[in-house]
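Only one structure is covered here, and it is reproduced in the block below.
All values derive from a computational prediction rather than experimental measurement. One-based numbering, in listed order, for ligands and for the atoms of each. Numbering of residues begins at 1 and proceeds along the displayed sequence.
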Amino acid sequence: MLSLKVAFFAALAEALVLPKGLSSISLEGCLKKLPHGQSAGSVANVTITSGGLLRYYLIAIPPTYHNEVPTPAILSYHGGERTAESQLELDELTSPQFNTNSFVIYPQGINDFWQGVPNVTVNDLQFTADILDHVQEQYCIDPTRIFATGKSDGAGFCNVLACDKKMSSRIAAFAPVSGAFYVNTSSCAADTVQIPCNPSRHDIPFLEFHGGNDTTIHYQGGARKQECLPSIPHFIQQWAARDGLSLHNVTTPISSNTVSYKYGSGVNFGLVEHVYDAVIGHDWPSTAPNADNQVSGHHIASFNATPIILEFFKQHPLSVWDLLAEI
Ligand SMILES: *[C@@H]1O[C@H](CO)[C@@H](O)[C@H](O)[C@H]1NC(C)=O
Ligand SMILES: *[C@@H]1O[C@H](CO)[C@@H](O)[C@H](O)[C@H]1NC(C)=O
Ligand SMILES: *[C@@H]1O[C@H](CO)[C@@H](O)[C@H](O)[C@H]1NC(C)=O
Ligand SMILES: *[C@@H]1O[C@H](CO)[C@@H](O)[C@H](O)[C@H]1NC(C)=O
Ligand SMILES: *[C@@H]1O[C@H](CO)[C@@H](O)[C@H](O)[C@H]1NC(C)=O
């Protein structure tokens, strides 16, 4: 079935006569040997030029990788003042307990921040497109299963990607954790602030995690760095509205102190989801100690975010039509 999929995309790509440079639906990397020195189950450190700057990302090659099998890829963006290396330690996406079959890509922000954070002028949308072009050229990546997650400012950047015309049809689903979703307005009404967003499709799968005791990016939102953070309920309801879903949610307990709010109905049930843990702080939710929950005043969570993210991604690949819309 998988080789049929390769054949299908190859035929499709050929039939379309792809414009030069358009690699988003290519399977160019399939059947290629891994770059020199790289192997399945290892992490490579790759430097590329983007926007005239030398930039790097880490890429974890799944232990089960075979170059004839189109393989999912997850972009995972570090928090502000953190690094690609620290995000790899934090997100558990490379832990064999949770994931053995997706690539995980850890881009590094300039000065450890991302586009979308107040006063950051770097083009990280371009950097992300350049990374995807590069990895799709080298590895057999399934163009319908490219996903994005991240923490804090990196989660905010996931929203920048989801709101971008091009990237919203190249990345299938988004799962930001403890996100800082800055809006540049002078006054800040956190429950009603208009959130600029221009995705190219209206069925974007979006899952956000937030702690009720987040003292960095408050659940209730408010002014920060001279810009405005929307309250998380307002922010997530705006995603439901953008996807044409009712603002009514189905509330399900996940573990002690933690509930999931799902929006949508029928085939779209759960297209937009928010997981709220009332008692944790500005943390990547994990039942194991990590760099976030071991900070003084913090504690482990009653659930793991990572398998929920992976399951959400599994449920929400892009359709070929979404990819074509990008052209
Ligand atoms: C990856 O390469 C960059 C740039 O050369 C370097 O700063 C960083 O420390 C390297 N990280 C790892 C894990 O090797
Ligand atoms: C925020 O908006 C102000 C006023 O429109 C503008 O001058 C400023 O450059 C914007 N800041 C950023 C980071 O885009
Ligand atoms: C952003 O830049 C403006 C203009 O240089 C400055 O006034 C403002 O304090 C900066 N904001 C932050 C959050 O650093
Ligand atoms: C979900 O619905 C419940 C019940 O109507 C409501 O109390 C809660 O605030 C909603 N959650 C969000 C995030 O809107
Ligand atoms: C909330 O977080 C703060 C700051 O990390 C911590 O000092 C406080 O003990 C936490 N409160 C609860 C109820 O966990």
Side-chain angles (χ1 to χ4, degrees), residues 79-80 109-111 113-125 151-153 156-157 159-160 163-164 175-188 190-198 206-221 223-243 245-265 269-286 289-302:
I110 296 282
N111 298 327
F113 285 105
W114 297 110
Q115 180 178 358
V117 175
N119 285 4
V120 170
T121 55
V122 169
N123 191 344
D124 289 315
L125 285 168
K151 162 88 199 297
S152 192
D153 285 340
F157 185 64
N159 190 59
V160 174
C163 287
D164 180 67
V177 175
S178 311
F181 307 110
Y182 290 101
V183 177
N184 185 11
T185 53
S186 43
S187 71
C188 186
D191 287 324
T192 53
V193 62
Q194 276 209 16
I195 304 169
C197 190
N198 300 293
F206 202 96
L207 164 64
E208 206 265 356
F209 294 82
H210 223 97
N213 190 31
D214 189 326
T215 54
T216 306
I217 304 300
H218 296 269
Y219 194 70
Q220 298 75 16
R224 183 175 159 87
K225 294 191 173 177
Q226 294 157 31
E227 291 196 11
C228 184
L229 294 169
S231 76
I232 297 304
H234 171 57
F235 173 80
I236 204 70
Q237 285 163 16
Q238 288 305 103
W239 265 110
R242 236 172 256 132
D243 278 354
L245 311 178
S246 146
L247 298 190
H248 166 82
N249 76 77
V250 173
T251 307
T252 318
I254 286 203
S255 58
S256 53
N257 309 307
T258 305
V259 290
S260 144
Y261 302 111
K262 286 190 172 128
Y263 299 85
S265 59
F269 179 64
L271 189 64
V272 171
E273 181 181 354
H274 169 44
V275 174
Y276 171 66
D277 181 328
V279 298
I280 65 165
H282 191 57
D283 298 355
W284 188 278
S286 176
N290 66 26
D292 285 348
N293 62 34
Q294 294 304 289
V295 172
S296 159
H298 294 234
H299 52 82
I300 58 167
S302 57

### Task
Find out whether Gln238 and Gln194 are in side-chain contact, i.e. whether some heavy atom of one side chain is under 4.5 Å from a heavy atom of the other.
no
### Query
So do Ile232 and Tyr276 actually touch side chain to side chain, heavy atoms under 4.5 Å?
no
### Side-chain touch Ile195/His234, heavy atoms, less than 4.5 angstrom
yes
### Task
I would like to know whether Asn249 and Thr251 meet side chain to side chain donor-acceptor pair (under 3.5 Å); could you show each step before the answer?
CA-CA 6 Å; Asn249 76 77; Thr251 307; 2.7 Å; yes
### Query
Do you know which two heavy atoms are closest between His274 and Ile236, and how far apart they sit?
CB-CG1, 3.8 Å
### Query
Short N/O distance, under 3.5 Å, between Tyr219 and ligand 4?
no
#### Entry: Sub-4.5 Å side-chain heavy-atom contact between Ser178 and Asp283
no
## Note on the structure
Under 4.0 Å from ligand 2, residues with heavy atoms, in chain and number order, are Asn119, Asn184, Glu227
### Query
Counting only heavy atoms, which portion of Gln237 has something under 4.0 Å from ligand 4: side chain, backbone, both, or neither?
side chain
### Message
Pairs of nitrogen or oxygen atoms closer than 3.5 Å, one from Ser296 and one from ligand 5: do any exist?
### Response
no
### Query
Which of the numbered atoms in ligand 5 are below 4.0 angstrom from a heavy atom of His298?
5 (O)
### Query
Strictly under 4.0 Å, does any heavy atom of Tyr263 approach an atom of ligand 4?
yes
## Note on the structure
Near Thr251 (heavy-atom distance under 4.0 Å), the atoms of ligand 4 are 1 (C), 2 (O), 3 (C)
### Task
Please find out if less than 6.0 Å separates the ring center of Tyr263 from that of Phe206.
no
### Task
Applying side chain to side chain donor-acceptor pair (under 3.5 Å), run through Asn293 and His298 and close with a yes or a no.
CA-CA 5 Å; Asn293 62 34; His298 294 234; over 6 Å; no
### Query
Does the gap between the ring centers of Tyr261 and His210 come in under 6.0 Å?
no
